[in-house]
Amino acid sequence: MGQLFKPRHNSIARVSIVASVLGVLLIGAVAWTIRESPYNSAKGIALSQPIPFSHQHHAKELGIDCRYCHTSVEKAAYAGMPPTHTCMSCHSQIWTNAKLLKPVRDSYRDDVPIHWNQVYRLPDYVYFNHSIHVQKGVGCTSCHTGIDQMALTSKSRTFWMKDCLECHRHPEKYLRPKDQVFSLTWPSENTGLLLEEGKKRITEYNIPMHRLTNCMTCHR
Amino acid sequence: MNRDESTETTETKRLWRSIDELENSIEYQHALHREFPVLASISEGIDRRDFLKVMGASLGLAGATVTLGACTRMPMRKIVPYVNQPEDLIPGNPIFYASTFVHRGLGTGILVETHENRPTKIEGNPDHPASLGSTDPWMQASVLSLYDPDRSKVVKHREDPSTWDEFFSVLRALPPSGKGVRILMESTTSPSEIDLLAKLKHGYPELKVYSFEAISNRNVREADRAAFGEDLSRIYRFDRAKVIVSLGDDFLSRSDARVRYARDFADQRRVRKGSPQRNLLYVAETYPSLAGAMAEERLRVRPSEFEALSAQILKGTHAGAHSAWLELVVQKLKAHAGESLVLCAEELPQELQRTVLEINSRLGNIGKTMEFIPSVYPKTDLVTEDLASLVSEMNSGQVQTLLILGGDPTYSAPADLEFREALKKVGTKAHLSAHFNDTSVFCDWHLPLSHGLESWGDARAFDGTASLIQPVIAPLYESKSVLELLAAIGGNFSTPAHDLISQYWNQYDKKINWEHSLNRGVIEGTQFKLKSGLELKPFEGAKSEAKGGDLELQFLPDSMIWDGKYADNPWLQEMPRPMTQICWDNIVAVSPKTAASLHLNNEDVVELSRKIGVVEHKIQGPVYLVPGHAEQSVTVHLGWGRTRGSAVSEGSGFDAYPLRTSSDLFRVDSIQLKKLDRQHAVAAVQTHFNMEGREIVRLESVEFSQTGKSRVPGAGGAEFEPTLLPEYLPAEVAAKTEAWAMSIDLNTCIGCKTCMLACQAENNIPVVGKQQVIRTREMHWIRVDHYFEGSIDDPKMYFQPVPCMQCERAPCELVCPTEATNHSDDGLNQMVYNRCVGTRYCSNNCPYKVRRFNFLAYTKSIRPSEKLQANPDVTIRSRGVMEKCTYCVQRIQSVRIEAEKEDRPIRDGEIKTACEAACPTQAIVFGNKGDPQSRIAKLREEPLAYSLLSELGTRPRTTYLARVIT
Amino acid sequence: MSKEAVNEEVMNDEVLTGKHSLASVTEQISGLATRKPLTRTWIFGASVGFLLLIDLLFAITYLFLKGVGIWGIDIPVAWGFAIINFVWWIGIGHAGTFISAILYLVHQEWRTSINRFAEAMTLFAVSCAGIYPLLHLGRPWFVYWMIPYPNTMGLWPQFRSPLVWDEFAVATYATVSLVFWYIGMVPDLASMRDGSPKLWQRKIYGILSLGWRGNGRHWARYQTIYVILAGLATPLVLSVHSLVSMDFTAALLPGWHSTIFPPFFVAGAIFSGFAMVLTLAIPLRKFYGLEDFITIKHLDNCAKLLLVTGLLVSYGYVFEAFTSWYSDNTFEKYVAINRALGPYAVHYWTLIFCNVISIQTLWFKRVRTSPWILFGLSFVVNVGMWMERFIIIIVSLHRDFIPANWGMYHGNGWDWATYIGTMGQFLFLFFLFIRALPVISISELRELVQKKNTEEAA
């Protein structure tokens, strides 16, 4: 009977050995890329909103303090979304009939709340508390990095557990002087000299390092 | 005592049951739906309709195309801010409102926790005399009843939806004289309601008002009136009583001030180093009660023997039966004249009440341990409590219009009155009720009743203190409160309830600060003055015996669903009943010996029957052997076997009212019992009550409590298991952080299960339904174990609440492959649901078996409207994850965050776990054992202190104080 | 001693009987797969296996839809059939590697004709065992959390947990067994390739045999790698079940927390493994006329090993009882009593009968040399070993420290459906194996024939 295989099949065989190894690595690489991609994490993707509210304009250019709208950031777990009333406190005076702001006026007139699309979303089993972070000298822009650059708001981090742990394991990178917490200009992450100061602040603010990575610090 | 033979029978049946499920027999499906329609959805039996679906899916699986848990991106969600945000509201922070919970007309102060204006949890009001900050099971559960999806939602006129206005037209048409108009309501002490009633009587001279309670304290008050010639209410001073004798009265769980009395009672038996003295309790009863379990000497008597006992105690003799107990009691009473208290069950006949009153007066207890105030109930000429006379009026056709405000008399009225028949003879009948129940069916008008958390009102406490009921949420449905309806009957259709209340209190007393009273919940200075110089009318002499057949029957209200009033509440339905640990069913309770003589075994269905008039009345229910039950007598609990009104109560248990007549409210002297060859499976969360000689509940002498040494590992000078393991925390960390710990005093735990309900309400614990409980899959994070010691017929009884021990060296932690359970620096054994893959290894390795597993999607059993009760600070657990007591970590964290914001340490007692806060006797204490000044640190040093199974070296943070026995 | 008896003796010493040439061996064995028509027995067996496999898929799907609550498990008995079956199957999966690796290293040439299908049995058994740890999870879709990889949570599995050791142990065992089995098969695959009548068969076997041409270098390397793998596999035989036993010993539960477990489990595993070998070998030689290759001698040897391991296991039982008494520990003592007299006493005494009493008959040569008695006995032992796991897991859990927690456990319909389903999986795979691959190592058998023939010639 004739030959089953031709000589070239030998090379095919040899190649296939290498290929199988590479294939596995490739699959891993692809999976990794997809996971890290904005497609998966929604990082940097601006959602459509009923009103194209610009933090860049309000926070940076007009220099309105974060707490003017996010009133409960120092008191409660939630920073608080401004009621329509807050918007109207200005926009009953200026841009009173701008087309863009029609939804705000409608909301105020008809007493129907504005339905914003949530940008920063943590799972329900994560209990993040704004007030304590702000109190302990973690600045807004440490998590909401570059919020003052955003014409349309988008996540500037993946907000995965490892992000939280990054800070809870190395708080010195993010601790600021308490008067700088709401500053938009302070660097979102301490480096160099600032890092040294950050290290000092751990004791100064008595940050409970031993407790920061307890599961029940965030999960209840 | 060992209950194996009984467990075996249940076990074999259990096997069959599961096979039924597999075969999905029609009977099983029916049974299941009867057992508990709401939970049918989470039965594990396969549904035929699913078959093809599953088949298809399994082929898919064969093709390995089922990608379960493939990483999915988070769904889009909306943020909906207010248009105008309320001033005081900060989203995410709870707000507490003071209000009042009313049971049988009497008020107990509560604080209602609300999240974004949705009530989620009830706490006791420390300022209220009947609460002192604690609660009872009903208060805890009432928040769930608010969201009961089966509540009636609209006015109905003969089954058709109608409106209040249409009903008001009926009221407008009432005859001006009020002729033939009758009002039947539940007992009330509400000053404003009583005021309105008085006005009504004024407006309609011929109108009559009746009140009816299936379980009533009427006999006590009638006896008092007969004895003193005026309407009085009693106050028992357990804080002064050194010796307490109870003839069938379970004052710890049933009295009108049960929470307060339990506290006063417990305060007298907190044995600590340096304070060994404690009150003495002697109980004679038929069915083992909470009080009975706490008793120094408990006597088993048949219901007919109380007369004889009381007569002997009065005479100070101890001849004949029970002489040993009597001798002891009489001697103790003599020794403590003036600081003793003799009680008897409130349903017992007036003569007996009078005798007991006489005993107390001869002991000089009146004015000392037994005080009197003017009655907190309406005057008898205003409200008649005699249902019989109303029925006779109805039968004689004198009643044209009957307005039934609350209650379900058709279901719960004594059988001999045949209320239903009488009702048919009435012209127009309206029923104000939270559920469309048996009475509603026979009425022309059904009117939805508002829940206490939805309505304005007021009520008096046992001592006359008035407190306000304020709504914490707008009525969910088109409902009205009794107060509003009374106003409407009086022709006042428009005034809002708030104004009715405030107006009343302003005219009542100009000095009252309305805002302040609302804030505190209690209206200051409304407490009644004590009656002094009461003259006791001459005593005719005690009735020395009562007729008793060879098999007596005793009626008791159910310890959780009372007279059926709370039967719609899933939490209460699934609460294991004291002594039997059974839920979802009532039973025919008999003593083991009697059972043997009648050839009965657990779960045999029997038929109880008696002649009432000419008619033979029958009920059927499963037998259950109750150690400590009196011989030759059976006990049945009322309130079960509802047929209408609520999906939860329908078909659970059997209805015992058909055997109950107005002459025999408490006992039937002779009953026929017939064994049917049927079995009815009951769900008990505990089937083995014998300690097997292990030191689970430690029993110590008073001497030891003074001279002994604490056996809590690590506590000063206590026995300590040598170990090679390092401390679980490095010393420098341990120095910086709290060390949470809990102490449970077995001496003052009365086994009322309030802690279990508080935990359920606080931690979003689902009910699982009877079928799952039978499979021992109940979810309660804290449980109360029962143990019997001594003879199976007359054992001693002990309770032991068991939450997570929060072991410092927790066996569960190192076996978890994903480290979903591990240790926090402050000593919490953390359970991270969302990291759990469900190997259940931790549960196997937990010596205390305090871990609970979501075998199925139990949270599905939470019905949509009930979801509103969920505590937003606690994660809802999904199918397939382990869960357990967390020491209410959400409370710890919220307090800690506030403390850290203020840069101060957490104060002792600042954090209260749900169970601790709720406990009526304050048997549970939580705190930081690291702080030597804290209460908990001191308690761990107590000689009585010990930790459960400490020989295992788990070093539990939850410790116990041993039960002191004489 | 009578003449027949003598002959019988002679016969039974043979590991190869009948007249065979190199060609006839290859012919007969490779023929099973490639030329013989499908027999009725095969069709029947395979289709039974397939139906049960469907039942397994159904049970699994319903399990994933509803949750582990469909099983009989509860609190306190949170582990039920799933873990029992897992340990049972893993145990069965031991004989294969034991035979092919250890017996190879100690030059037991009688292993030759049973090692191939014993290894196959091992793989299939492990594949059955392997699915249980997944199935018994509350949330099987997160099973990958038990594998260490850089994840978005910044977390690792807990390496202190026996379950994690277990996962590695079993995975390693499965891989090594597979490679060992395959390498050993390469020369045979080559002869299948050469023997197959159809082109497509030849192509498939050709690819599988990795271009084996049977020249000196091939054989030299083959021998080396085979010894190395045998050396690798040997410690695994001991490690796997030791680690499985850790799942129990690492816990503090009385009845689990015992130092005797690792050796005890390994002995039990090989015990059940050889039982299963007999269960398979006896019908196999019968229906495929392999009596010449799988001789009475083989059965006799297996039976002897069965006896030895059985005695080891029995020793284990005795000492469990002894230590619990000797410990004078309330809980330990109660476990022993509860096993013998508690609600599960029937199970316990069944176990004692199957694993201790029944095997004593193996002292008699007549029993060891009569196939069908052995067949029955092997079944009894399999039941016994299943009971053992039932006793260890259920009876220890259902009554532990605090009497108030005591409960009962009963496997329900779904538990059985899954268990029987995995048997189906096993059967089906095995029948496929019979038809597709050489059930006996042709090359090694040819060596034997060669040896035998030359001896006879001399």
Side-chain angles (χ1 to χ4, degrees), chain B residues 4 7-8 11 14-15 18-19 21-22 44 46 54-55 57-59 61-62 66 68-69 686-688 690-694 696 775-777 785-787 811 814-819 835-841 843-845 847-849 851-857 879-882 949 952, chain C residues 54 57-62 64-76 78-79 133 136-143 145-146 153 155-158 160-164 167 247 250-253 256 330-331 334 343 397 399-408 410 412-414 417:
Chain B
D4 270 357
T7 51
E8 252 49 287
E11 296 318 328
R14 192 170 299 172
L15 177 61
S18 55
I19 288 175
E21 288 163 21
L22 178 69
E44 60 266 41
I46 178 156
V54 180
M55 209 58 209
S58 53
L59 294 179
L61 190 69
V66 173
L68 284 161
Q686 186 183 347
T687 49
H688 199 96
N690 179 350
M691 259 187 278
E692 297 289 336
R694 305 175 180 186
I696 307 298
R775 289 164 160 277
T776 61
R777 293 171 175 181
D785 290 343
H786 293 12
Y787 292 105
L814 55 145
V815 297
C816 174
T818 56
E819 211 167 2
R835 175 70 175 168
C836 176
V837 295
T839 65
R840 304 184 297 290
Y841 198 170
S843 170
N844 289 345
N845 208 25
Y848 312 95
K849 291 286 175 290
R851 291 175 158 267
R852 298 287 179 235
F853 187 69
N854 291 272
F855 287 95
L856 298 163
R879 177 243 284 189
V881 304
M882 192 61 73
L949 300 177
L952 298 179
Chain C
I54 295 299
L57 291 173
F58 184 77
I60 291 178
T61 316
Y62 193 65
F64 284 173
L65 291 178
K66 278 272 186 177
V68 286
I70 67 171
W71 291 344
I73 46 176
D74 53 36
I75 306 291
W79 281 358
H136 102 293
L137 290 185
R139 301 199 293 172
W141 49 93
F142 286 132
V143 65
W145 283 355
M146 297 166 85
M153 293 168 280
L155 297 176
W156 298 101
Q158 162 156 274
R160 291 186 303 172
S161 167
L163 292 184
V164 174
E167 130 203 351
D247 291 350
L252 49 47
L253 192 73
W256 285 14
T330 324
F331 310 118
Y334 185 82
L397 277 172
R399 291 185 171 177
D400 65 346
F401 299 93
I402 297 183
N405 300 328
W406 291 3
M408 294 291 285
H410 294 285
N412 64 17
W414 289 110

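All values below were derived from every heavy atom in this structure, side-chain atoms included, with hydrogens, water molecules and symmetry-related copies excluded. Naming convention: chains lettered A, B, ... in sequence-line order (proteins, then strands); numbering from 1 in each chain.
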- Message: Please rank C:L155, C:T330, C:V164, C:L252 by heavy-atom pairs under 4.5 Å with chain B and give me the top one.
- Response: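 With the most close heavy-atom pairs to chain B, the winner is C:L252.
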Below 4.5 Å from any heavy atom of chain C, which atoms of [X] appear? Answer side chain, backbone, both or neither.
X: B:P811; value: side chain
X: B:T839; value: both
X: B:L814; value: both
X: B:R851; value: backbone
X: B:R879; value: both

Would you check if [X] and [Y] make a side-chain contact, meaning some heavy-atom pair closer than 4.5 Å?
X: C:F401; Y: B:L952; result: yes
X: C:N412; Y: B:R775; result: yes
X: C:M408; Y: B:T687; result: no
X: B:V881; Y: C:F142; result: no
X: C:I402; Y: B:Y848; result: yes

- Item | Straight-line distance of C:N405 CG to B:D785 CG, nearest 0.5 Å |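 Here the interatomic distance stands at 6.0 Å.
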- Query: Got a second to check how far C:M153's CE is from B:R835's CZ, nearest 0.5 Å?
  - Reply: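 Going from the CE atom of C:M153 to the CZ atom of B:R835 covers 4.5 Å.
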Exercise: identify the closest heavy-atom pair between [X] and [Y]:
X: B:Y787; Y: C:A404; value: OH-CB, 3.3 Å
X: C:D400; Y: B:K849; value: OD2-NZ, 2.9 Å
X: C:R139; Y: B:G880; value: CG-O, 3.7 Å
X: B:L856; Y: C:G67; value: CD2-O, 4.3 Å

- Partners meeting side chain to side chain donor-acceptor pair (under 3.5 Å) with C:Q158 (sequence neighbours left out):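 Testing C:Q158 for side chain to side chain donor-acceptor pair (under 3.5 Å), a comparison that skips the adjacent residues, returns C:R160.
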- Would you say the side-chain atoms of B:T818 pair up with the backbone N or O of C:M146, donor to acceptor, closer than 3.5 Å?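 Such a contact is absent between B:T818 side chain and C:M146 backbone.
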- Query: If only atom types and distance count, is the side chain of B:R777 paired as donor or acceptor with the main-chain N or O of C:G69 below 3.5 Å?
  - Reply: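 Here the side-chain-to-backbone pair exists.
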- Which one, B:R840, B:R852, B:E819, leads in non-hydrogen pairs under 4.5 Å with chain C?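 Most heavy-atom pairs within the cutoff with chain C belong to B:R840.
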- For C:W256, what residues pass the ring-ring contact (aromatic ring centres under 6.0 Å, His included) criterion, not counting sequence neighbours?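 C:W79, C:F248.
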- Tell me, with the steps shown, if B:F853 and C:I73 meet side chain to side chain contact (heavy atoms under 4.5 Å, CB included). CA-CA 10 Å; B:F853 187 69; C:I73 46 176; 5.8 Å; no
- Checking side chain to side chain contact (heavy atoms under 4.5 Å, CB included) for the pair B:N844/C:L253: CA distance, chi angles, key distance, verdict? CA-CA 8 Å; B:N844 289 345; C:L253 192 73; 5.6 Å; no
